[in-house]
K.L.:
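Dumping the structure here so I can ask a few things about it.
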Amino acid sequence: LLKHNNSGSLQWNKTVTRNVSYDSYSNYLHGQYLSVDAGGTYTIAGFDYQIQTAEDFLCTRFSGSGAIQWTKLVSRSNNSYDFPSGSVMDADRNIYVTGSGEGRDGGLNVYTVCYDKNGTKRWEDLYIQLNETGESSVIAVDNNQNSYVAIYAGGYNFNPIHAPGNPIYRMRLIKYDPNGNRLWDI
């Protein structure tokens, strides 16, 4: 993470490291989404790829001076691919991360997690639809801390009238209350 001032001069440069041997092919960290709050803290969401555990969600919060405040690694199961597709921060500095991960049936399911400003997990949800696969594409939060996850879902068994081997996909929207309870899914 690099911070520059208004004139473009570098203020600080911070790197997240893990206690493993990294090389460019078998182990690496990948930051994908950056959120900044009004108080100047920064949160990066991405994934940690290790040859032993595949991809896991990674979320790191930095202070305004670049000190790491906390890092969270979400590894739902051994050797599964869990990768984020969106991140957003609300006015209370809670961070919401959504993405996709391998499900029990080998397909992709949607995983969403919310951490408070101190890195404590507030809630998490694994959205699974029977005989479907799904990937989240974006997440948003309203002023009441309700969160919305847009996904596309479908699969070979999604529509029994459709010929086998020709999957159908559709967009879906999930709404969560501030405690992570699903309010609706359309």
K.L.:
Is any side-chain heavy atom of Val138 closer than 4.5 Å to a side-chain heavy atom of Ser85?
P.N.:
no

K.L.:
Would you please test Gln145 and Asp92 for side-chain contact (heavy atoms from CB on, under 4.5 Å) and show each step?
P.N.:
CA-CA 9 Å; Gln145 293 183 339; Asp92 291 336; 2.7 Å; yes

K.L.:
What verdict does the salt bridge (charged side-chain N to carboxylate O under 4.0 Å, His left out) test give for Arg122 and Asp116, after you've listed the backbone C-alpha separation in whole Å, the side-chain angles of each residue and the deciding distance to 0.1 Å?
P.N.:
CA-CA 6 Å; Arg122 292 184 57 209; Asp116 70 13; over 6 Å; no

K.L.:
Among side-chain atoms of Asn146 and Tyr176, is any donor-acceptor pair under 3.5 angstrom?
P.N.:
no

K.L.:
Roughly how far, to the nearest 0.5 Å, is CG of Asp90 from OG of Ser35?
P.N.:
10.0 Å

K.L.:
Kindly indicate whether the side chain of Val110, heavy atoms from C-beta on, has any atom under 4.5 Å from the side chain of Val149.
P.N.:
yes

K.L.:
Which Ile, Leu, Val, Met, Phe, Trp or Tyr residues join Ile186 in one cluster when any pair of side-chain heavy atoms under 4.5 Å counts as a link?
P.N.:
Tyr148, Leu173, Leu183, Trp184

K.L.:
Just how far is it from atom CG of Asn6 to atom CD of Gln11, taken to the nearest 0.5 Å?
P.N.:
9.0 Å

K.L.:
How many angstroms lie between atom OG of Ser63 and atom NZ of Lys14, to the nearest 0.5 angstrom?
P.N.:
8.0 Å

K.L.:
Is the shortest side-chain heavy-atom distance between Ser87 and Thr43 below 4.5 Å?
P.N.:
no

K.L.:
Can you classify the ring geometry of Tyr115 versus Trp70 as parallel (below 30°), tilted (30 to 60°) or perpendicular (above 60°)?
P.N.:
tilted

K.L.:
Quick one: are Val97 and Thr112 in side-chain contact, heavy atoms under 4.5 Å?
P.N.:
no

K.L.:
More than 12 heavy atoms of other residues, nucleotides or ligands under 6.0 Å from CG of Asn5: yes or no?
P.N.:
yes

K.L.:
Is the shortest side-chain heavy-atom distance between Leu73 and Thr71 below 4.5 Å?
P.N.:
no

K.L.:
Do Arg182 and Tyr127 touch side chain to side chain, with heavy atoms closer than 4.5 Å?
P.N.:
yes

K.L.:
Atom OG1 of Thr98 and atom OH of Tyr96: how far apart are they, to the nearest 0.5 Å?
P.N.:
12.5 Å

K.L.:
Asn179 side chain to Asn181 main-chain N or O, any donor-acceptor pair under 3.5 Å?
P.N.:
no

K.L.:
Find out whether Arg61 and Lys117 are in side-chain contact, i.e. whether some heavy atom of one side chain is under 4.5 Å from a heavy atom of the other.
P.N.:
yes

K.L.:
Any side-chain heavy atom of Thr41 sitting closer than 4.5 Å to one from Val36?
P.N.:
no

K.L.:
Mind checking the CE-CD1 spacing from Met89 to Ile95? Nearest 0.5 Å is all I need.
P.N.:
4.5 Å

K.L.:
With rounding to the nearest 0.5 angstrom, report the CD1 to OG distance, Ile139 to Ser147.
P.N.:
5.0 Å

K.L.:
Begin from the C-alpha positions of Thr120 and Asn118 and carry the test side chain to side chain donor-acceptor pair (under 3.5 Å) through to its verdict.
P.N.:
CA-CA 6 Å; Thr120 302; Asn118 299 313; 5.7 Å; no

K.L.:
Is there a donor-acceptor contact under 3.5 Å from the side chain of Lys72 to the main chain of Gly119?
P.N.:
yes

K.L.:
Please tell me whether Trp12 and Tyr42 form a close aromatic pair, meaning their ring centres lie under 6.0 Å apart.
P.N.:
yes

K.L.:
Going through the distances and angles, do Phe62 and Leu1 end up as a side-chain contact (heavy atoms from CB on, under 4.5 Å)?
P.N.:
CA-CA 9 Å; Phe62 295 86; Leu1 180 63; 3.5 Å; yes

